[in-house]
Peer 1: 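One structure is given below, represented as structure tokens, and several questions about it will come after.
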Amino acid sequence: MSVSLFVGSAEEEEFRADVIRFISEYRGLNGFHFQGSKWPEVKALYRAIGQCGWMSIGWSDAAGGLGRSAVREFILWDEMAYARVARPPLGAGIVAKTLIAHGTEAQKQKWLPPIRAGEKFFSLGYSEPGAGSDLAGLSTRADLHGDHYVVTGEKCWTSYAQDSDYLWTLVRTGAVEDRGRGLSLMILDLHAPGVSVRPLPTIDGEQLNQVVLDAVEVPVEHRIGPENAAWRLVKDALDVERHVQFPPARLRRDLEELVAWLRKHEHELDPVVQRTVAALGVGVFEVEALALLVLESVVKGRPGDVEAAQNKLAHAELSQKIARAPFELGLSEALIYGPIEFLYRQSTWETIGGGTSEIMRSVVARQGLGLGGRS
Amino acid sequence: MEFGWSENERSYRNQLREFLAAELPGNWNEMSKDGPGSDAQAAFSQAFCGKLAARGWLTPHWPKEYGGHDAPAWQHAILSEEMWAHGEPRGPQYMNVNWLGPTLMRYGSDEQKRFHLARISRGDVLWCQGFSEPNAGSDLASLSTRAERVGDSYAVNGQKVWTSYCKNAEFCFLLVRTDKIETRHKGITVLLVPMNTPGIEVREIDTVLGDRYFHEVFFTDVRVPVSARLGAENDGWGIAMYALQYERIGLPRYARSARTLELIVADAKSNGRVIDGAFKEKLVAARAMCEAARILYYRVIDQRAHNQPPTADSNVARLALTAADRAVGDLALELGGPAALLYGSLGDGNFRAAMPAGVATGTSEINANLVAQRWLGLPREA
Amino acid sequence: MDFTLTETQQSIVDSAAKLLTKHAGPKRARQVLATSGYDPELASALREAGFLSLMKETGALEAAMVTEAISARAGLVHFGAAAMVAPALGMEIDEPVALSRQRGPVRYGASAKTLLILDGADVRVRRVDSGEARPMRSNFGFPFAELPADGGERLSGAGAKMRAWWRVVLAVEIAGALRGCLTFTTDYVKERRQFGRAIGSFQAIQHRLADCVVLTEASRWLAYEAAFQGAPDDGAEVAISYAAAAARRVFHEVHQMNGAIGFTREHDLHVWSMRLQALALEMGGA
Amino acid sequence: MSIDFSLGEEADAIAQTLKRFARDQAGGAVVPCARFSPDLWRKLCGLEIFSLTGAKEIVAVMEALGKTNFPGPLATTFAAAQLFEGDDRARIVSGEMLVAMGELHGDGLFPWAAIAQRFVWCERDRAFAARAISIEPVETLGCEPWGKVRLERESEFRHAGRALAIADIALGAYLAQAGRYLVEAASEHAKTRTQFGRPIGDYQAVAHALARCATELAAAAALTRVAAHSFDAERKNCRVTSAAAKVSAGKAANSASQVVHQVFGAFGVTEEGPVFPVARRIRQLTLTPGADATARAHLLEHVGLIRSESV
């Protein structure tokens with residue numbers, strides 16, 4: 001089953017073959033799910049990806065990239081997801097692409113080279129305890145004092161903050177009442193005085209973090225774009241990265257592991273098992289097709305908010321359906337520690353992180369169907 | 001706490017079953033398929049209710065003075081359960097017994113009680129319920145059918161819709177607006193209107209649910225004497241809510257759902273369809289949902305038996321009833337296979353009925369809101 | 001039919017609540033899970049208070065009420081096995097008791113002194129010797145072990161009875177864990193604010209939580225009814241089938257409603273929610 | 001461009017033609033045709049759609065017809081055009097002759113048997129020309145003229161797999177758009193119908209349920225188009241993707257029917273109202289005898305749960 005529904009041009013498929021060859025050295029790494037506990041190995045992998053020029057594969061020539069289309073980025077990270085080796089790092093995607101579009105020359109020169117080389121890493125600092133899905137309501141303050149901002153507040157559910165160099169963060173520089181129009185985007189050094197990172201252990205055995213910012217000084221040149229203008233930047237950044245955020249091959253792999261496990265425990269002839277697996281097989285095709293709609297919108301430069309929301313929604317829900325199948329099927333072997341029950345715990349996060357399913361449904365309802373003035 | 005039946009209750013149930021076995025015609029399953037509004041069933045039900053009344057089983061839980069026997073709440077529950085388990089042979093008269101009667105007892109004038117309650121307890125009258133309007137479905141407080149006071153009567157103008165059974169009904173329990181529309185629920189009045197009053201026009205709506213299921217009713221300058229008003233002018237909202245409370249807890253529809261499940265299995269078997277493990281599991285699950293609705297319904301009866309005021313537990317029970325209806329409907333479709341497409345087959349009937357399950361009651365969402373707000377104490381949506 | 005507690009029942013429920021406030025709760029459950037996963041202190045408190053003999057002295061319904069309460073307070077003892085299943089089979093056996101269906105992981109297997117094995121139409125009663133159990137690592141809120149399923153004293157024809165009572169016990173335990181999840185989540189959505197208001201005021205949340213109320217309440221009453229009626233095959237099947245389906249659905253709902261905090265180990269939701277899966281699966285998904 | 005979900009200019013032109021055709025036939029509304037009309041069928045055939053062989057064009061046709069709830073053995077006729085040759089084929093695509101196609105199971109139910117002149121008896125991915133020994137017409141939920149039949153096999157068709165794939169793709173395209181039609185109708189209703197002072201579409205319970213349907217239907221529609229591309233490119237996975245597309249569209253369309261019924265409330269249960277004629281056609285098209293099992297076999301083999309034929 002390990003064939004992508006998407007077949008690219010001859011050159012693109014050649015590129016896929018290169019990626020698969022590259023990955024063969026890293027098989028078994030499982031940095032896709034365990035970026036935290038496998039950090040040294042994952043970091044080495046990213047460096048190697050950087051050496052291939054693939055960290056910056058989609059960046060423009062002028063920015064030091066290969067200038068390839070989004071299709072290659074999709075192939076790259078989809079194959080990485082299938083092999084479970086790594087996720088696309090924030091730095092090479094959202095951070096770099098925002099810097100390329102909106103950064104100053106100095107900012108580009110400072111950050112793009114180490115990102116491209118796979119040497120500097122970023123963690124996403126958007127969510128706060130009082131503003132998870134409602135980013136416009138966030139309250140971490142940044143006040144300008146001469147040549148630097150003083151940032152105070154708290155970010156939470158922050159992935160990989162324990163290992164990253166920088167926090168790519170949204171802060172309030174305007175009034176609370178201005179909601180989204182009072183926010184600025186900055187790069188905050190996670191090793192600066194006043195930053196404390198507290199781990200929040202999660203039920204999948206990894207960790208999220210609480211990042212407390214106590215009067216952290218951030219140089220004014222670390223602000224990206226104009227003050228209070230972050231909202232548009234954040235949105236634009238999502239638009240150019242949405243095709244690699246939820247690689248469908250991860251689900252293909254999930255289902256393959258489930259099928260292997262069901263065969264190992266000799267459940268393959270059970271009619272209930274067969275019905276369930278067939279339905280999940282259809283689900284994997286569906287999510288792949290939705291991911292391709294997203295890719296198409298990115299490639300053609302079309303607005304793709306609805307496609308992206310549908311893709312995220314279906315991807316997240318299918319990951320849970322696959323993971324929960326052994327439990328629905330009443331197979332108590334699934335309770336014992338191992339890859340099958342791991343997916344159960346891990347996938348709980350999928351409908352929450354990166355925008356909850358409720359938010360996604362609201363986007364589809366509002367923008368796709370014109371419904372619901374309220375969230 | 002205990003979950004047993006007393007000797008009396010058991011024997012009452014047995015008598016009912018014997019009675020039903022004797023009274024229901026051989027083609028009853030076929031006849032009841034098209035719903036209580038169909039002409040065939042309406043005629044049968046009329047006669048059947050008369051027989052029930054003769055045995056004192058039509059309104060056993062009513063006070064003696066109104067033609068009842070002061071029977072305990074549980075006896076009434078057993079009666080309803082057995083009726084629904086047998087396809088509700090009382091037809092539309094379940095409404096009379098369940099909520100019209102109690103509402104009249106509470107709010108009726110002496111004359112209204114004397115006249116209407118006697119007829120209901122004899123089982124020889126059909127009522128319909130004039131609540132919904134084209135622009136006021138679940139949101140009853142926005143209804144706009146007007147009643148203007150003209151001397152000793154009201155002149156009623158407007159339209160009701162989704163009215164069940166009214167082709168055969170003699171009276172309508174009608175909600176009208178007697179004050180400005182902005183007063184919402186404070187300007188509503190109840191009238192007890194004879195359906196043969198000039199100016200009333202009934203049109204059947206062609207629905208998928210069976211014959212005579214829904215109607216539109218048009219009121220053009222219909223004169224209703226003030227003496228036919230139930231309670232005071234503009235006090236209708238409280239009366240309607242009182243009635244709805246009874247309606248909402250009154251229906252052991254799980255018994256019908258469970259019966260449908262049995263019919264489905266029998267049907268599948270007779271069509272030579274194999275019921276494999278996958279379906280067996282679903283059958284058990286659907287039956288469990290019927291049982292869940294039953295036990296939650298019992299909880300509500302228990303409160304009534306203890307003379308406690310109704311609580312959000314009745315909304316919990318209603319949600320469970322709808323869930324069971326839907327589970328059984330889905331299963332009927334699935335188990336039927338392509339044979340469910342045959343016109344008039346069990347699967348076909350269930351498809352028609354299951355699609356709007358939860359809508360017919362119109363209030364699934366309101367029930368969920370009430371459970372959230374009253375049972376869990378969550379804040380109202382701003 | 002009567003849903004009101006009798007005086008005796010009320011006093012049992014009250015004293016169980018008092019005992020559990022002292023000896024159980026999510027904090028205690030975390031401590032116990034970090035060690036053997038079995039709570040001998042809670043077990044002896046329950047024994048000393050006389051709860052183990054409830055079934056014989058008062059009735060199965062009362063034993064079921066206490067089992068539900070223990071589960072709702074996240075207690076880590078196999079009370080239902082010792083206080084309901086064993087007495088139903090007419091046995092007075094050494095606690096802790098574990099239940100096995102010959103395959104699959106056994107809950108509390110490593111702490112059990114006695115193992116009741118469901119073997120087709122029969123039951124076998126087997127002592128567990130030290131060193132026989134092989135603990136299995138699991139994330140589902142209970143200790144599990146692999147145990148040999150051979151030998152033991154055979155109770156011919158007792159299988160159906162054991163199966164039915166086991167189902168009732170599981171249904172009651174699920175009902176308790178559901179209540180734990182529901183209470184935790186209700187408190188959370190009243191407090192947590194998004195878009196300027198408590199998320200508990202959103203209709204989407206309200207409707208889903210209302211469904212959880214139905215599932216929780218019906219699970220409990222169906223299980224109680226089955227216990228009261230002496231675990232008839234049919235009633236027991238209905239009770240566990242409903243409760244297991246409720247467990248799967250409610251897990252999904254409450255985790256979604258709790259969002260990120262439900263995913264972290266800091267908050268207590270997982271103490272109840274993860275157990276739901278283990279209980280729903282214990283007899284092979286009922 | 002390597003990533004492209006559009007169907008191509010030719011297909012778009014065909015879709016335009018059909019849209020016009022449907023509008024002329026039914027005043028732009030959903031064809032509320034309870035019964036199959038031979039007259040309307042011949043008019044449709046007059047557009048020469050059934051001689052199309054490219055999957056992308058067929059998808060364009062079926063998407064347009066699905067949006068209008070158009071009656072008739074549409075997917076079957078597209079498949080028959082692949083199976084039959086010569087004079088038979090000419091008479092089929094011109095609408096002179098009607099084909100019934102399906103699997104035959106215990107109860108003998110066979111789609112379109114009551115009015116068909118040719119029978120195709122399918123078994124998994126094989127198809128046989130068959131002769132009807134007896135036909136007993138039956139009335140069906142979706143008002144399609146089915147029958148209970150006894151058949152006798154005559155000869156086996158070659159390349160049946162491709163014809164069945166085209167039938168699946170065609171059906172998938174039709175169902176996804178039929179579902180989409182329902183969701184759009186319900187969304188319009190939800191914007192105008194007010195309750196408690198605001199449009200019901202403002203309520204999350206309504207908006208989110210419709211969003212869920214829209215998502216499922218979008219996935220099904222996209223998958224159908226992927227399958228069509230795959231068919232035209234003669235890829236190996238075309239049979240399983242076409243089966244998956246059909247299952248996906250059927251599931252999505254049926255669940256859309258249910259949700260939309262809830263949104264329309266009592267309006268949804270009227271016989272010729274905005275929902276039921278479409279809902280029942282969807283139900284009918286998804287209950288073809290044996291179709292589920294065949295799709296399942298392809299899928300299970302594809303995911304590697306079973307090797308072959310052991311479903």
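Basis for what follows: all heavy atoms, side chains included, without hydrogens, waters or symmetry-related copies. The structure presented is a predicted model; accordingly, all values stated were derived computationally and were not measured. Residue numbers begin at 1 in each chain, while the letters A, B, ... track the order of the sequences.
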Peer 1: Please determine if R249(C) and D211(C) form a salt bridge, counting it only when a charged side-chain N lies under 4.0 Å from a carboxylate O.
Peer 2: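 Salt bridge flag = yes for D211(C) with R249(C).
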Peer 1: Taking the six-membered ring for Trp and the single ring otherwise, decide whether the centroids of F327(A) and F140(C) are under 6.0 Å apart.
Peer 2: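 Yes, the ring of F327(A) comes within the 6.0 Å limit of the ring of F140(C), centre to centre.
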Peer 1: Quick check on F251(C) against chain A: is it the side chain, the backbone, both or neither that has a heavy atom closer than 4.5 Å?
Peer 2: side chain
Peer 1: Is it the side chain or the backbone of Y344(A) that comes within 4.5 Å of chain C heavy atoms, both, or neither?
Peer 2: side chain
Peer 1: By a 4.5 Å heavy-atom criterion (distance strictly below it), what part of L208(A) contacts chain C: side chain, backbone, both, or neither?
Peer 2: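 The side chain, not the backbone.
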Peer 1: When you measure from the centre of the six-membered ring of F144(C), is the NZ or CZ of R107(C) closer than 6.0 Å and no more than 45° off the axis?
Peer 2: no
Peer 1: Heavy-atom pairs under 4.5 Å with chain C are the metric here; pick the option from I352(A), T348(A), I336(A), I203(A) that has the most.
Peer 2: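 Ranked by heavy-atom pairs under 4.5 Å with chain C, first place is I203(A).
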Peer 1: Name the member of R345(A), E206(A), E341(A) that forms the most heavy-atom pairs with chain C at distances under 4.5 Å.
Peer 2: R345(A)
Peer 1: Can you list the residues that meet the salt bridge (charged side-chain N to carboxylate O under 4.0 Å, His left out) rule with E268(A), with sequence neighbours excluded?
Peer 2: none
Peer 1: Measure distances from I205(C) to the heavy atoms of chain A and classify the residue's part below 4.5 Å as side chain, backbone, both or neither.
Peer 2: neither
Peer 1: Strictly less than 4.5 Å between heavy atoms, which residues of residues 25-39 of chain C line up against chain A? Please order them by number.
Peer 2: none
Peer 1: Regarding W166(C) and E282(C), do their side chains bring together a donor and an acceptor under 3.5 Å, going by distance alone?
Peer 2: yes
Peer 1: With a 4.5 angstrom heavy-atom cut-off, could you sort out which part of H255(C) is near chain A: side chain, backbone, both or neither?
Peer 2: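 Looking at H255(C), backbone and side chain both touch chain A.
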Peer 1: With a 4.5 angstrom heavy-atom cut-off, could you sort out which part of E350(A) is near chain C: side chain, backbone, both or neither?
Peer 2: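 When you check distances to chain C, no heavy atom of E350(A) falls under 4.5 Å.
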Peer 1: Would you indicate whether the side-chain heavy atoms of D119(C) and R101(C) approach each other to under 4.5 Å?
Peer 2: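 Heavy-atom side-chain distance check fails, nothing below 4.5 Å.
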Peer 1: Taking the side chain as every heavy atom from C-beta outward, state whether L331(A) and H265(A) have any atom pair closer than 4.5 Å.
Peer 2: no
Peer 1: Test: salt bridge (charged side-chain N to carboxylate O under 4.0 Å, His left out). Region: residues 168-180 of chain A. Which pairs qualify, not counting sequence neighbours?
Peer 2: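 Checked against salt bridge (charged side-chain N to carboxylate O under 4.0 Å, His left out) - neighbours excluded - the pairs reaching residues 168-180 of chain A are D134(A)-R179(A).
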Peer 1: Tell me, which pairs form a salt bridge (charged side-chain N to carboxylate O under 4.0 Å, His left out) where one or both residues lie in residues 133-146 of chain C, sequence neighbours left out?
Peer 2: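 Counting only pairs at least two positions apart or across chains, the salt bridge (charged side-chain N to carboxylate O under 4.0 Å, His left out) contacts touching residues 133-146 of chain C are R134(C)-E146(C).
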